[in-house]
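In what follows, a single structure is set out as structure tokens and then discussed.
Counting starts at 1 for both ligands and their atoms, in listed order.
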Amino acid sequence: VSIPAHVYCHEAIEELSSYLDGELTEQRRQAIEHHLHRCPPCEQIASFEVELRRVIADRCQTSVPQDLAARIRAALDGEAGAAR
Ligand SMILES: [Zn+2]
């Protein structure tokens, strides 16, 4: 088991979005995670970012069915027209 590389606060914050997107290497991900667990200010920023993404994801999800419903309605209208 290797000790995670030391991560500075600005590095943790800069790489936070990559960390949350799962775009980091396993080693880098562990290093950031290690920093967040030991650094309350950064952990707070990280949890805020997670919450922010959750809210954005919720908004996107509510807009998708509306679009889908419109497309289904359009498809049904097209079918109804063809049946006539
Ligand atoms: Zn920090």
Side-chain angles (χ1 to χ4, degrees):
V1 178
S2 61
I3 297 158
H6 182 75
V7 175
Y8 291 99
C9 288
H10 72 268
E11 291 180 304
I13 300 311
E14 272 170 22
E15 293 185 52
L16 188 60
S17 57
S18 302
Y19 168 77
L20 294 173
D21 289 339
E23 288 170 352
L24 297 176
T25 62
E26 182 59 20
Q27 196 184 11
R28 199 64 191 155
R29 192 190 65 76
Q30 280 179 8
I32 301 293
E33 193 173 66
H34 183 74
H35 180 93
L36 295 179
H37 285 164
R38 297 191 57 169
C39 183
C42 285
E43 192 176 36
Q44 211 173 356
I45 292 166
S47 61
F48 174 79
E49 182 73 20
V50 168
E51 182 66 13
L52 190 71
R53 280 164 178 248
R54 199 182 60 75
V55 170
I56 291 167
D58 281 355
R59 284 206 193 139
C60 288
Q61 274 172 13
T62 55
S63 72
V64 168
Q66 279 174 8
D67 176 59
L68 195 66
R71 276 196 285 158
I72 290 167
R73 225 174 285 131
L76 289 174
D77 285 349
E79 265 185 26
R84 257 175 243 145

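The one candidate from Glu33, Gln27, Glu26 that meets the side chain to side chain donor-acceptor pair (under 3.5 Å) condition with Gln30 is Glu26.
For the pair Ser18/Arg28, no side-chain contact is recorded, criterion being any heavy-atom separation below 4.5 Å from C-beta on. When side chains are defined from C-beta on, Glu15 counts as touching Leu24, because their heavy atoms get closer than 4.5 Å.
Surrounding CD of Gln44 are at most 12 heavy atoms belonging to other residues, nucleotides or ligands under 6.0 Å away.
The existence of a salt bridge linking Asp77 and Arg73 is excluded, since no basic side-chain nitrogen approaches an acidic carboxylate oxygen closer than 4.0 Å. Salt bridge status for Asp21 with Arg53: present, with a side-chain N to carboxylate O gap under 4.0 Å.
Within the protein, the number of N/O/S atoms found under 2.8 Å from the Zn ion (ligand 1) is 4.
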